[in-house]
Amino acid sequence: MYLGVDYYPEHWPKEMLEQDLNGIKDLGANIIRIGEFAWHLMESEEGEYDFTFFDEVIAKAKERGLSVMFGTPTATFPAWLAKKHPSILSEDENGQKRVFGGRRQYCFNSKIYREYSAKITRKLVEHYQNEEAIVAWQIDNEFGHEGSDMCYCNQCHQGFQEFLARKYDGSIAKLNETYGTIFWGQTYNDFSEIPMPTKTITTHNPSLELDWARFRSFSVNSYAHEQTEIVKELKGAHQQVTTNVSGGFFDKWFDHEENVKPMDFVSYDNYPVWGGLAEPITPAAIALNHDFNRGLLDKNFWIVEELMGAQGHNVIGYLPRPNQAAMWSYQAFAHGCTDLLYFRWRGMTKGAEQFCYGVVDHDNHYGRKYKEVQSVFETIRPYEEVLQSPIESDVALLYDYDNIWSWRFQTQTESYDFMNEALRLYTPFYNLNVNIDVVPTTRDFSKYKVLLVPTLQIIDEELGERLKEFVSSGGTVYFSYRTGIKDKNNNIHFQKTLPGFAAEISGITIHEIESLSSGESVRIKGEGKYEGRTGECTTWRDIITPQAAKTLYRYDDPFYPEAAVTKNVYGKGSVYYLGAGIGEEIIQDFAEETVEDHVIPYQVSEKGVEVYSRKLNGANYHFLMNHTETVKAFKDITLQPYESKIVKAED
Ligand code: GLA
Ligand code: ZN
C-alpha cells in the first residue's frame, strides 16, 4: 500500500531536498510522485539528456525508504521544441495557434511531437528501467484536460479525412448515405472535401459531428497508447504503468475506457472542489467519480492527486474544513482506492499554480494539513487488506461516450448536462448506501440486478436485445427521457416509434415531446400507490402513452395529461421510464422499492452520512463518512462534523 505526496524537488533549492524528504517521511509516507513536468530539466538542449538531478532525488528518497512514481514529461514540452517546430502546437476552433506558456498545448496528431515524445520517454525509461525504487510510471498528465483534447490544425484535418476514409472503407458514397448529405446539398465527391466541424452558418451535420468526436478520441488514445507501449517495452518488470484521469471525464472528447486499456491500473485526481467553487460538488458526485474510475478497468485504482488545500489557478474558492479532506480520502478508499498521494507536498511560490495549496504551504510550516495527512496515513494503513478487497455491486449505471458526444453537439434543451442526468438516477441509490458500478454500455451487464440508464439516446438493435434479455431474466432497468431515439450514426431511427429499441420492454410509446427551458417546470401528480404525491419536472418531458406499462405519475397539464413516469413488467423483470427531469424525492421511492424487490443489501443513514460496506474474510467493514458540518450518528456511532471512520460490523 503506497501513501505519499506529489513532490516537485525541481521547484526548490537543492539544499531543501533532504529536509523535504524527511518531512515527507515523517508524514508516514512511503512514496513520492515526481517528474511529470520536468522535460526541460532532462533535455535542456535537443538530444542532450541528463537525469542526474533525478538520480540524486531518487537516491535520497531510497535512503528514507520512499518509493517513486515517475511521470513521463510529455504534458510540458521545452520552449526550444516549440520554437524549432511550431507545428506541434495545437489550434483552437478559430485557427488560433495555442502559444507556449501553459501546458498540454501539443497536437496529438503532430508526427514531430510524437517523435520527440518517443525519444524523451525512451531515454527516461531506459535510464530507470532497473531502478527498484520506481514502482510505477505515469503516462503524461491528465490527458485531454483543460481543453487539450481538441485541436483544429491542418494535421488534425488531414487525419480526420484519413480516419473517415478508413471508417467508410474508402467509399464516399457510403459516407454520403450514412450522413444524409443530400440534406442541404452537402454531398461530397471526395473525402478531401470534408471539413472539420468548425464555425459555420447555423450548424453541422450530426453524423459528421459524432465522427469528429470519435476522431478526437482516436487521436488522444492513439498517442496515449504509443507512449504506453514505449514504457511497457522498456520498463522493469517490477514497474507498473498508469495514467492519471482528471475530473470532468464526461466532458472530455475521448473514451476513457479505451485510453487506459493497455495500462496496469487507473489513477484518478480527486478534487471535490477546485477553482472558484463556493462549495464542493455533492457527496454523490464525488462517489460517482470514484465508481467511474473503478469501472474503467473493472478493478480498484489509485488516487495520485488527492486534494488537501484549496486549489485554483487565478481564482480559488472553498477551503476544506478540518478533517473534510481526510473524510474525502476515506470516501475514496471506500470506493476502491488502494493507494493514495496528496497533491502536493508544498505550494509553489512561482509559476501558474501559486494558489494551489499543498500539505505544506509557502511558509514551509508543518501545520493543520500536515497533521491531517499524518492521521489519514496512520489510521488507514491497518486496513490495507480491506482496501484491496474487490467491490461487488448489484447496481450499475451505464454510459456511452458516443451518446454523451451526441448530446454535447445537440443539447436539445439549454439546461442539459449528462453528469446531472447520471446523478439524477445515481443519487437515490447512493442515498441507500448501495454499491454502484459505473460502466460503459459495451460491458457485459448481465451480472447486475439493476441498470440505471440516463438519457441513452443511441440504442441500436444489438444493445436493445441485450437490454431485453436483461429485463426478461429478471433485471430492473431505469430509463430516463429521450431514450432510444437515435442510431449509432447519430441519426433518428426511421419508422420506429419512440423509445425505439427500448419501446417493447418499456411498454410505452412516445409521440409528443417538449424541451423545458431553464426555470421552466411542469407539475406531475402521482397515481395508484403514489396518489396524492406531486412534484415538478424540469429540463425535458416525453409525453408518454402507456401500452402495457402502468402510469406512476402523469403531467398535471390540461393539454397533455399523459404519463410522465411509467413502470412496465416485462418477462421476469421491470422497466421504469422516467420521461422527464424528475426530482430526487420521487425517484427515491422507486429506488427503495427496487432494492427491496431485489433484496439488495442497503443501509439507512441520515442525509449527509455515507455508509460504504466492504467485505473481507466474511467480515463487513462499514466506511462511515460525515459529509456535513453537524454532528451525525449512524446506529449508535456518533460522527463529528466531517469525521470519517471504519467500523468492523458483526452483522
Ligand atoms: C491537476 C493537475 C496538477 C495540478 C492540479 C492543481 O490535477 O494534474 O498538475 O495542476 O490539478 O490542482
Ligand atoms: Zn492538431
Side-chain angles (χ1 to χ4, degrees), residues 5-8 10-11 33-38 69 71-76 85-93 95-98 102-114 138-163 196 198 212 215-216 218-220 222-223 242-249 252-253 267-277 289 293 302-318 320 325 341-348 351-359:
V5 293
D6 303 317
Y7 181 43
Y8 301 87
E10 70 272 23
H11 290 175
R33 184 192 69 177
I34 58 174
E36 77 272 23
F37 299 126
M69 173 184 277
T72 61
T74 50
T76 48
H85 295 290
S87 66
I88 68 168
L89 293 165
S90 61
E91 288 181 24
D92 69 15
E93 184 180 9
Q96 172 70 48
K97 243 191 200 316
R98 283 134 180 177
R103 61 182 174 182
R104 277 191 294 263
Q105 330 84 319
Y106 62 82
C107 168
F108 287 100
N109 290 304
S110 160
K111 289 185 177 60
I112 290 174
Y113 196 68
R114 291 197 179 206
Q138 173 185 294
I139 306 288
D140 202 281
N141 189 78
E142 296 190 327
F143 276 116
H145 201 33
E146 296 161 340
S148 60
D149 48 5
M150 197 51 91
C151 174
Y152 296 89
C153 77
N154 287 333
Q155 297 154 136
C156 286
H157 191 181
Q158 188 183 336
F160 180 44
Q161 293 171 342
E162 291 162 3
F163 173 84
M196 298 179 285
T198 51
W212 170 249
F215 169 69
R216 295 314 310 166
F218 168 77
S219 305
V220 174
S222 66
Y223 176 85
T242 186
T243 192
N244 53 337
V245 174
S246 72
F249 38 77
K252 298 286 190 307
W253 294 105
S267 295
Y268 177 56
D269 295 345
N270 187 37
Y271 291 100
V273 58
W274 204 93
L277 286 182
N289 288 347
N293 283 287
W302 288 36
I303 297 271
V304 293
E305 294 184 20
E306 179 69 34
L307 177 141
M308 181 44 68
Q311 298 288 314
H313 283 166
N314 302 329
V315 176
I316 54 178
Y318 181 87
L341 293 85
Y342 284 98
F343 185 89
R344 63 180 149 194
W345 168 240
R346 180 169 47 240
M348 178 53 171
E353 296 198 332
Q354 297 171 322
F355 303 124
C356 292
Y357 288 84
V359 175

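Start at 1 and go down the list; that is how both ligands and their atoms are numbered.
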Would you call Arg103 and Glu353 a salt bridge, taking side-chain N to carboxylate O under 4.0 Å as the test?
yes
**Study point:** Test side-chain contact (heavy atoms from CB on, under 4.5 Å) applied to Ser87 and Lys111, step by step
**Key:** CA-CA 9 Å; Ser87 66; Lys111 289 185 177 60; over 6 Å; no
Applying ring pair (Phe, Tyr, Trp, His ring centres under 6.0 Å) to His157 and not counting sequence neighbours gives none
- Task: Indicate yes or no: does Glu91 engage Arg98 in a salt bridge with an N to O separation below 4.0 Å.
- Result: no
A correct count of protein N/O/S atoms found below 2.8 Å of the Zn ion (ligand 2) gives 4
With sequence neighbours left out, the residues meeting ring pair (Phe, Tyr, Trp, His ring centres under 6.0 Å) with Phe108 are Tyr106, Tyr223
- Message: Could you check whether Trp345 and Tyr8 have their ring centres less than 6.0 Å apart?
- Response: no
Contacts for ligand 1, heavy atom under 4.0 Å, by chain and number, are Phe37, Arg103, Asn141, Glu142, Asp269, Tyr271, Trp274, Glu305, Gln311, Phe343, Glu353, Cys356
- Task: Determine, using ring centers only, whether Tyr152 and Trp212 are less than 6.0 Å apart.
- Result: yes
Review point. Step by step, would you call Val245 with Glu142 a side-chain contact (heavy atoms from CB on, under 4.5 Å)?
Key: CA-CA 5 Å; Val245 174; Glu142 296 190 327; over 6 Å; no
Look at Arg33 together with Asp6 and state whether they make a salt bridge at an N to O cut-off of under 4.0 Å.
yes
